[in-house]
Amino acid sequence: MTFDLIVRDANLPDGRRGIDIAARDGRIVAIAPAVAAEARVVVEAEGRLVAPPFIDSHFHMDATLSLGLPRLNQSGTLLEGIALWGELKPLLTHEAVIERALRYCDLAVAQGLLAVRSHVDVCDDRLLAVEALIEVRKKVAPYLDLQLVAFPQDGYFRSPTAAANLKRALDLGVDVVGGIPHFERTMADGAASVKALCEIAAERGLMVDLHCDESDDPLSRHVETLAYEARRLGLGARATGSHLTSMHSMDNYYVSKLLPLIAESGINAIANPLINITLQGRHDTYPRRRGLTRIAEMRALGVAVALGQDCVMDPWYGLGGADMLDVAHMAVHAAPMTSREAIRWSFDAVTEIPARILGLDGYGLAVGCNADMVVLQAADPIEAVRLRAPRLAVIRRGEVIARTPPQTTTLALPGRPATLDPADYAPRT
Ligand SMILES: [Zn+2]
């Protein structure tokens, strides 16, 4: 029997070792030790980790790679970032948004990141970014799943045309309903926006993902309304609260009441550690809050928590590189959560968990799943997080679409080895 592709001698994220993965017609058709068959393409994993692709559940592709346009964010704060984005928006062109997004997707593919949920700002009456990213979604579909969220950056009620624009964007084919309740003028308006947006999602049978309580204000409690509305409308796991940073600063007694509501509602949570720890706590002197949501406590109640990137080289964040292992690594440090179990979880939070939140079909390493995989220069998921390991091969539907040479160093030290592979330092278990 001849396959399109076989990956030989893989370590799988679930701990199995020495596994071959065979693909035909874009799907995994065998996954077992020593699959006896020929293949058009053979990828030797050589005892390294082979994982399903990385997924970024929270991103802004309309703003990415715009760093410096029309000027730099001098303070590095969220509010200057929002103001700067307001300056840039009227200057955007259809072609420039597409070009930046495509260039970003190249980088994403190189990093094994093959699915992205991107918010797209609908508070520009031209809907220029919406139309551009719908075009990008189609262009990249052969190699990257792009899911778009209609995001009223300037506030669903606060911006006079946002409500109409959001509906126009959904009519154009944007996938998910977005919002930003903490940016409305009052708590009451914020809560009303959550209700209105959840009702739109329920009516249209869509998912909803709100920027929710991205604030240090412990009284920013819109996640409570989101959970309540998701339950009332039967949205469950179709609803997601992104950021949830105010939960970091909330009163513990209140949180003890809030968390069971979140768990019962079935909503998902997405933390964005790179951005949360740099943009939150900025009004503090010392002690200075980290602003990361309560990941461990939500996990303990069975809430699906994913980790997103949010920004790469845009008005809010001048760093980043489409590396979801960088995101997992930062979460481990910032939470902090350094148990072996929690570090291992951080890998799932940028792979399997967001796959479920985005509702991706055919994701995973099993017979019948899409033949989408990443070969990493690491022995296992914890090692991948530790090393932010190079992606040696990225496979989409059974075709290798990116290759990176392994990182090795040649040493010239008396009596010491001539070459060094950082992955060789894995603990012997
Ligand atoms: Zn965001």
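The figures here come from the full heavy-atom set of this structure, side chains too, leaving out hydrogens, waters and symmetry mates. Counting convention: from 1, in listed order, for ligands and their atoms alike.
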With L114 as partner, the option from V140, V109, I55 fulfilling side-chain contact (heavy atoms from CB on, under 4.5 Å) is V109
Which residue pairs pass the ring-ring contact (aromatic ring centres under 6.0 Å, His included) test with at least one member in residues 93-117, sequence neighbours excluded?
-> F59-Y104
Pairwise distance OG(S66) to CG(L84) - rounded to 0.5 angstrom = 7.5 Å
Looking at the rings of F151 and H60, which for Trp means the six-membered one, are their centres under 6.0 Å apart?
-> yes
Within the 2.8 Å cut-off the protein N, O or S neighbours of the Zn ion (ligand 1) are H58 NE2, H60 NE2, H211 NE2, D310 OD1
Indicate every side-chain donor-acceptor pair of residues 383-396 with a distance under 3.5 Å to a residue at least two apart or in another chain.
| residue | atom | partner | partner atom | Å |
| --- | --- | --- | --- | --- |
| E383 | OE1 | R386 | NH2 | 2.9 |
| E383 | OE2 | R386 | NE | 2.8 |
| R388 | NH2 | H329 | NE2 | 3.4 |
| R391 | NE | Q111 | O | 2.8 |
| R391 | NH1 | D323 | OD1 | 3.3 |
| R391 | NH1 | A389 | O | 3.0 |
| R391 | NH2 | D323 | OD1 | 2.6 |
| R396 | NE | P142 | O | 3.1 |
| R396 | NH1 | D145 | OD2 | 3.2 |
| R396 | NH2 | A141 | O | 3.0 |
| R396 | NH2 | D145 | OD1 | 3.3 |

Could you pull out all donor-acceptor pairs under 3.5 Å where a side-chain atom in residues 119-128 meets a protein atom, sequence neighbours excluded?
| residue | atom | partner | partner atom | Å |
| --- | --- | --- | --- | --- |
| H119 | NE2 | H58 | ND1 | 3.4 |
| D121 | OD1 | C123 | N | 2.8 |
| D121 | OD2 | W85 | NE1 | 2.8 |
| D121 | OD2 | K89 | NZ | 2.6 |
| D124 | OD1 | R126 | N | 3.0 |
| D124 | OD1 | R126 | NE | 3.2 |
| D124 | OD2 | R126 | NE | 3.3 |
| D124 | OD2 | R126 | NH2 | 3.1 |
| D125 | OD1 | T161 | OG1 | 2.7 |
| D125 | OD1 | N165 | ND2 | 2.9 |
| R126 | NH2 | K89 | O | 3.0 |

